[in-house]
Amino acid sequence: MAREFQRGHKAKISDLTPGTDLYVGVQIAAPGLTFDISCFGLDAHEQLSDDRYFIFFNQPKSPEESIQLLGAQSGDTESFRVTLDRIPAAIQKLSFTATLDGSGQMSQIGPGYIRIVAGGEEVVRYAFTGSEFTTERAVMLGDFYLKDVWRFAAVGQGFDGGLDALLKNFGGEVAEEEAPPAAAPAAAPGFAPPAQAAAPPAFGAPPAVQAPQPAPSFGAPPAPMPPPAPQQPMHAAPTIAAPLAPQMPQAPQAPSPYGQPHQPQQPHQPQFGQVPGQGAPPAPPFGQQVPAPYGQPAPAPYGQQPPVGMPPGVPQGVPQGAPTTGAGLQAALQPYKEAATGQRWTPQNQQLMRVDLTMGGSGVLARQGSMVMYQGKVDFGYKSAGFVGRAVGNATGQEMQLMRCTGRGQVFLAEEGSHLHPIELQGDAICVSAESVLAFDESLQYEVRRVEGHGIPGGALFTMLFQGAGTVIVKTHGTPVVLPVTPTTFADCNAVVAWSAASQVIVSSQVRLRRNAYPGHSGETVNLQFRGAPGNFIVVQPYEV
């Protein structure tokens, strides 16, 4: 059964299928609109450093044929064959994209998808609709990327500028071509490859006259389909992806200060999850240079002339005069959009945590009242406090009431503006002050430990020991600090947040008539001393009662 991905979801290819010979199908359509569906083979810097790996209608395969354009089949608008173990080491990312040819917007499209088929069986599908987009004319649908192993990510990120903006994002450009002669003979449609003497391999296509040989096992699942109708021309002149070429500087928008060369503002490079052209940073103070983006040459210092044909501070291939600031409601809200990374736990900011219950296969236990929003089908059940709640209640005066979150959806957690920190355990253990626990995976094993001592509020300090595989969310007042445990490590019992499970905790009491500090005394009546072998640690927050 195919896994259903949402925007931002990621997974290892090996978790989806053991095969490396894959079929990628894209379905996208809208009344009166036509689309170009392409694949960009990118290097480690996510740049199209070799234009032979831009796979589109004019270049249907890579040099070693590890990426092949197959055409429409099995209900897919376009399809590809990807052989991961044949992709050269210089190519570390494959980005599958769809661009509009002509007028229109991606908000007009109907339900579509990008899917992966292996061994004749669909293993993953990312479905999308036009409601997920607005004025975009080009969309990155999904990526194969190499991060120790090959992985797949559902992207769903768009560009208003269409193919030009997409190519420039990957470090390429659309070369202008001369108009064809008036007497030129009629040519094949621009999007379709020239007629071939033999049909392409029936890679997963249903049995048809043009493919007498049986479909390989790596192809798409067989589905009888009529022969695809000839597609309409997509371009009056075919586009060619070429490496960046220097451009002559254009007239500056505003005069530069007297005696200094013109220093145009640098176009804002979007971060992951941002729409290009929006949310550009403000111009630097006068007299300071604009920092160059990663992978681009730095601007020439003041008083020095830039290279011939290149204005200072402008990367190659980027036109001058482009707007550097966004405006409107969308630009104002862009920095606060939901961050979906495809992980189970995702910090939205310092005080808000998002957990995706569709991942991980187990529920989440969280403090009652910590849910601020949820989306999807989520069930909230009362979790009996049990010994944990009673023990913590004795120490704090209130029971640690938990709720159990299950279902398919996303839950957003927060409490009183505390800073939240996800701690992922992979078979190891950690002790966390009970007051500092916000939520944790139900798959974790946990128990209560009691540190007794005279002068501690309630007579004891209760901590929770977590161990196993999962994540615990720790809340702190302010930004904590992690310190190594030494033979002379002491901490206030109200300020300590967590410590390594192998550390030994000893109560150090200095009982005085008054809590006034004097030379040689901290003013604290009770301290906790930590002992342990090298490698042990404690976490302290800048706060105490």
Side-chain angles (χ1 to χ4, degrees), residues 5-10 46 95 97-100 104-109 126 128-143 145 153-171 253 264-285 290-296 313-315 318-343 345-356 372-376 409-414 417 419-420:
F5 271 27
Q6 298 179 8
R7 179 188 296 182
H9 281 186
K10 303 176 183 178
E46 299 190 3
S95 183
T97 66
T99 58
L100 273 166
Q105 298 176 351
M106 287 295 177
S107 59
Q108 301 173 247
I109 65 176
Y126 163 46
F128 52 85
T129 64
S131 61
E132 300 180 26
F133 309 106
T134 54
T135 60
E136 295 91 337
R137 301 189 66 252
V139 175
M140 295 185 295
L141 300 174
D143 292 344
Y145 64 99
V155 181
Q157 179 182 351
F159 296 86
D160 289 351
L163 179 62
D164 289 10
L166 190 64
L167 283 169
K168 290 171 183 176
N169 178 69
F170 293 140
Q253 294 182 345
Q265 293 184 350
Q266 180 174 337
H268 173 53
Q269 297 294 330
Q271 300 178 355
F272 180 80
Q274 292 185 347
V275 179
Q278 297 181 0
V290 180
Y294 180 77
Q296 300 288 346
V314 177
V318 178
Q320 299 187 50
T324 58
T325 58
L329 180 61
Q330 186 177 4
L333 299 180
Q334 180 66 32
Y336 311 106
K337 283 190 174 181
E338 175 186 0
T341 62
Q343 305 296 325
W345 296 90
T346 305
Q348 303 299 295
N349 51 51
Q350 289 185 331
Q351 291 88 20
L352 187 62
M353 184 66 59
R354 171 185 183 267
V355 55
D356 191 341
V372 297
M373 194 200 82
Y374 72 92
Q375 52 190 9
Q410 298 79 38
V411 181
F412 295 78
L413 304 171
H419 288 207
L420 306 181

Note to self: Do R354 and Q343 have side chains that approach each other closer than 4.5 Å (heavy atoms only, starting at C-beta)?
What the structure shows: no
Notebook entry, point to check: Of the non-hydrogen atoms in E338 and F412, which two are nearest, and what is the gap between them?
Noted result: OE2-CZ, 3.8 Å
Next item on the list: Kindly compute the distance separating CG (L329) from CD (Q334), expressed to the nearest 0.5 Å.
Entry: 11.0 Å
Check: Are any non-hydrogen side-chain atoms of L166 and M140 less than 4.5 angstrom apart?
Finding: yes
Notebook entry, point to check: Looking only at heavy atoms, what is the nearest atom pair of L100 and M106, with distance?
Noted result: CD1-N, 3.9 Å
Next item on the list: Taking the side chain as every heavy atom from C-beta outward, state whether D356 and H9 have any pair of such atoms under 4.5 Å apart.
Entry: yes
Note to self: Which heavy atom of L420 sits nearest to which heavy atom of Q351, and what is that distance?
What the structure shows: CD1-O, 3.5 Å
Next item on the list: Measure across E136 and F133 and return the closest heavy-atom pair with its distance rounded to 0.1 Å.
Entry: OE1-CB, 3.4 Å
Notebook entry, point to check: Do Y126 and R7 come within less than 4.5 Å of each other through their side chains, counting heavy atoms only?
Noted result: yes
Margin query: Do S95 and T97 pair up side chain to side chain, a donor and an acceptor below 3.5 Å, judged on atom types alone?
Written below: no
Checklist line | M353 versus P347, closest heavy-atom pair with distance | finding: SD-N, 3.7 Å
Check: Say you draw a straight line from CZ of F159 to CG of D164; how long is it, rounded to the nearest 0.5 Å?
Finding: 12.0 Å
Check: So, for T99 and A138, which heavy atoms are closest and what is the spacing to 0.1 Å?
Finding: CG2-CB, 3.5 Å
Check: Do W345 and L413 have side chains that get closer than 4.5 Å, going by heavy atoms?
Finding: yes
Notebook entry, point to check: Atom CD in E46, atom OH in Y145: separation rounded to 0.5 Å?
Noted result: 10.5 Å
